[in-house]
Every structure is written in C-alpha cells, then in structure tokens.
Amino acid sequence: MVEIVKLLHTFKEANRFDLIYVGFDKNGKTFLSDGTMLDLSKGFDTKNTIW
C-alpha cells in the first residue's frame, strides 16, 4: 500500500493535480494520493461507484 500511495503522490505533484486515485476491482480498494484508502468497510464500493 505504501508504494502505491507514494507513486500516486509523486504523479499528483509532478502534474499539479489536486488528487489522484486508483481503484482495484478485484479487492474493492481505492487508494488516494493523500494516503486515504477506501473500501467496503468505510462504506465505499469501488465496483458500484458512479464515476
């Protein structure tokens, strides 16, 4: 998890974005560049989110 967050943060800073995220269908986890991790235990469903 730490490596994913570091990569997202680096990409965010290099491109001057406010936030970067990546979601994984298989495990339902979404990682944000600010270090937040979202999943079903936090009420966030990656598979059924309207993007």
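If you read the sequence from its start, that first residue is 1, and numbering goes on from there. Just so it is clear, the structure is predicted and the values come from calculations on it, not from any experiment.
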### Where Met37 and Asp39 come nearest, the two heavy atoms and their spacing
CE-OD2, 3.6 Å
### Summary
In terms of heavy-atom contacts, Val22 and Leu8 come closest through CG1-CD1, 3.9 Å
### Task
Determine the minimum heavy-atom distance between Phe44 and Thr30, stating which atoms define it.
CE2-OG1, 3.3 Å
### Message
More than 12 heavy atoms of other residues, nucleotides or ligands under 6.0 Å from NZ of Lys42: yes or no?
### Response
yes
### Query
Mind checking what makes side chain to side chain contact (heavy atoms under 4.5 Å, CB included) contact with Leu40, not counting sequence neighbours?
Asp45
#### Entry: Spatial distance of atom CD1 (Ile4) from atom NE2 (His9) [nearest 0.5 Å]
15.5 Å
#### Entry: Qualifying salt bridge (charged side-chain N to carboxylate O under 4.0 Å, His left out) pairs, either residue in residues 13-25, two or more places apart
none
### Message
Minimum heavy-atom separation for Leu19 and Ser33, please, with both atom names.
### Response
CD1-OG, 3.4 Å
### Task
State which residues pass side chain to side chain contact (heavy atoms under 4.5 Å, CB included) with Asn27; sequence neighbours excluded, sorted by chain then number.
Phe24, Lys29
### Task
Under the side chain to side chain donor-acceptor pair (under 3.5 Å) rule, collect the residues that match up with Asp34, sequence neighbours excluded.
Thr36
### Message
Could you work out, with side chain to side chain contact (heavy atoms under 4.5 Å, CB included) as the rule, every residue matching Phe11, not counting sequence neighbours?
### Response
Asn15, Phe17, Ile20
